[in-house]
Amino acid sequence: MLQVLACGVVVFPGLFFVFRKVLPSIFKQWTDADVVLVSERLVSSIHAVMATTAGVIVVSGCSNNVLTDRHWLTTYFVIWYGVPYMAYDIYAMYLSHYHRFRVKGHEEYKEHSLRTVNTFVRREFLLVLHHIALLTILLPVTLFLRREQGDYFIGCLFLTELSTPFVSLGKILIQLGLQDCSVHKANGGMVLLSFFVCRIALFPYMYWVYGRHYGVPVYGVPFHLPLSVNLGSLCIMAPQVYWFVLLCRKGYRLYQRNRQAALHCPAPASPPSLTDKATGDQ
């Protein structure tokens with residue numbers, strides 16, 4: 001078990017280290033903050049693809065009986081890559097925060113200290129809390145409290161990572177100065193769609209699937225489940241709703257900005273006609 005745990009411990013920090021070494025040689029004008037941010041986002045995307053793939057495999061393999069069907073990948077993915085990634089990502093987010101403020105010239109960010117860590121936790125409190133909750137709630141539930149049931153629903157939770165590559169791509173495109181291109185706009189639509197489907201609508205869907213298994217209407221499922229399950233679902237879903245609202249606001253502001261820019265942009269001059277050109281030549 002320690003060997004498979006070490007696998008995840010090596011993979012994500014290793015990828016992060018490689019990206020931090022390779023990217024400066026390609027984008028020589030980037031600061032340390034740029035390199036760390038993009039490296040973090042690339043590793044996050046890789047983990048998201050792995051988690052989504054694992055989720056699809058588990059969900060498709062446990063669809064006959066959503067409560068009792070088992071798949072070996074459910075528990076092992078959490079141990080191999082879920083726990084090590086969440087622990088690594090907290091550190092990577094801190095590094096991104098640290099280098100971002102160091103580049104801006106903040107005096108207290110000349111070196112790492114308890115003050116810089118405390119500032120990071122306060123600024124990114126919800127994200128840090130989300131990661132810690134997954135480590136302290138999802139891990140014990142997956143390993144000890146499920147009584148070898150519910151692999152299907154753990155697989156569904158893996159699918160929440162589907163939106164992460166789109167979120168990461170948006171930040172990378174901004175880093176490359178491509179925030180006004182059509183790819184960034186299309187990616188913004190995919191961010192909203194994938195985030196809503198996989199991080200918000202997924203929870204009512206899981207309640208519906210559970211209710212269908214027991215013949216309980218979806219509105220009665222919360223009363224059929226233990227209070228701890230409902231509270232756990234609420235704790236995971238609540239920040240997703242908050243982040244989705246922030247994404248919608250950001251998308252609306254971007255839409256308004258582009259619309260105003262289009263309205264104030266002068267119309268391009270029409271090219272001279274052949275008649276005008278002939279007159280000018282005379």
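Numbers here are sequence positions counted from 1. Values below: every heavy atom of this structure, side chains too, minus hydrogens, waters and symmetry copies.
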Report the relative orientation of the aromatic rings in His106 and Phe101; use parallel for angles under 30°, tilted for 30 to 60°, perpendicular for over 60°.
perpendicular
When rounded to the nearest 0.5 angstrom, what distance separates CZ in Phe244 from CZ in Arg249?
12.5 Å
Please lay out, stage by stage, how Arg199 and Glu161 fare under the test side chain to side chain contact (heavy atoms under 4.5 Å, CB included).
CA-CA 8 Å; Arg199 294 194 176 224; Glu161 290 293 334; 3.9 Å; yes
Test side chain to side chain contact (heavy atoms under 4.5 Å, CB included) on Phe153 and Val209; report intermediate values, then the result.
CA-CA 9 Å; Phe153 299 104; Val209 169; 4.3 Å; yes
Beyond-backbone contact of Arg20 with Val36, side-chain heavy atoms, under 4.5 angstrom
yes
Applying side chain to side chain contact (heavy atoms under 4.5 Å, CB included), run through Trp243 and Leu127 and close with a yes or a no.
CA-CA 10 Å; Trp243 288 324; Leu127 269 175; 3.8 Å; yes
Spacing of OG1 belonging to Thr164 relative to CZ belonging to Phe195, to within rounding of 0.5 Å:
8.0 Å
Are Leu162 and Ile172 connected, step by step, through hydrophobic side chains (Ile, Leu, Val, Met, Phe, Trp, Tyr) whose heavy atoms are closer than 4.5 Å?
no
Tyr91 side, atom OH; Met93 side, atom CE - distance, nearest 0.5 Å
13.0 Å
Any link between Ile132 and Tyr81 through a network of hydrophobic side chains (Ile, Leu, Val, Met, Phe, Trp, Tyr) touching at under 4.5 Å?
yes
Heavy-atom pair of closest approach, residues Cys62 and His71:
SG-CB, 3.9 Å
State, with a plain yes or no, whether a side-chain heavy atom of Tyr242 is found less than 4.5 Å away from one of Leu126.
yes
Identify the two heavy atoms, one from Ser44 and one from Tyr85, that lie closest to each other, and give their separation to 0.1 Å.
OG-OH, 3.0 Å
Counting neighbours of CZ on Phe27 that are heavy atoms of other residues, nucleotides or ligands and sit closer than 6.0 Å, is the number greater than 12?
yes
Can you find a pair of side-chain heavy atoms, one from Val183 and one from Leu178, that are under 4.5 Å apart?
no
Pair Met206, Val66 - check side chain to side chain contact (heavy atoms under 4.5 Å, CB included), show working.
CA-CA 10 Å; Met206 288 192 290; Val66 297; over 6 Å; no
For the atom pair CG (Leu169) and CG (Leu42), what is the distance rounded to the nearest 0.5 Å?
10.0 Å
Side chain to side chain donor-acceptor pair (under 3.5 Å) partners of residues 201-210, not counting sequence neighbours, each pair once
Tyr152-Tyr205, Tyr207-Asn230, Tyr210-His224
What pair of heavy atoms forms the shortest contact from Val49 to Pro165, and how long is it?
CG2-CG, 4.4 Å
For a quick test of reading the model, state the closest non-hydrogen atom pair linking Asn65 to His213 and the distance between them.
OD1-CE1, 3.2 Å
Are the side chains of Val59 and Cys156 in contact, using a 4.5 Å heavy-atom criterion?
yes
All heavy atoms of Val191 vs all of Ser194, minimum pair found to be O-OG, 3.3 Å
Met237 versus Phe203, closest heavy-atom pair with distance:
SD-CB, 3.8 Å
Identify whether Val56 and Trp72 are in the same connected component of the hydrophobic contact network (ILVMFWY, side-chain heavy atoms under 4.5 Å).
yes
Do Phe166 and Leu193 have side chains that get closer than 4.5 Å, going by heavy atoms?
no
State, with a plain yes or no, whether a side-chain heavy atom of Val43 is found less than 4.5 Å away from one of Tyr88.
yes
Relative to each other, are the rings of Tyr109 and Tyr98 parallel, tilted or perpendicular (30° and 60° limits)?
tilted
Inspect the surroundings of CG in Leu114 and state if more than 12 heavy atoms from other residues, nucleotides or ligands are less than 6.0 Å away.
no
Side-chain heavy atoms nearer than 4.5 Å, only ILVMFWY residues, links allowed to pass through others: does that put Ile26 and Ile174 together?
no
Is any side-chain heavy atom of Val38 less than 4.5 Å from a side-chain heavy atom of Trp30?
yes
With rounding to the nearest 0.5 angstrom, report the CG to CG distance, Asp32 to Leu37.
12.5 Å
Please work out whether the ring planes of His47 and Phe12 are parallel, tilted or perpendicular, with thresholds of 30° and 60°.
perpendicular
In Å and rounded to the nearest 0.5 Å, what is the CD1 to OG1 distance from Ile154 to Thr75?
8.0 Å
Can you find a heavy atom in the side chain of Val197 that is under 4.5 Å from one in the side chain of Leu202?
no
Among residues at least two apart in sequence or on other chains, which ones pass salt bridge (charged side-chain N to carboxylate O under 4.0 Å, His left out) with Arg70?
Glu148, Asp151
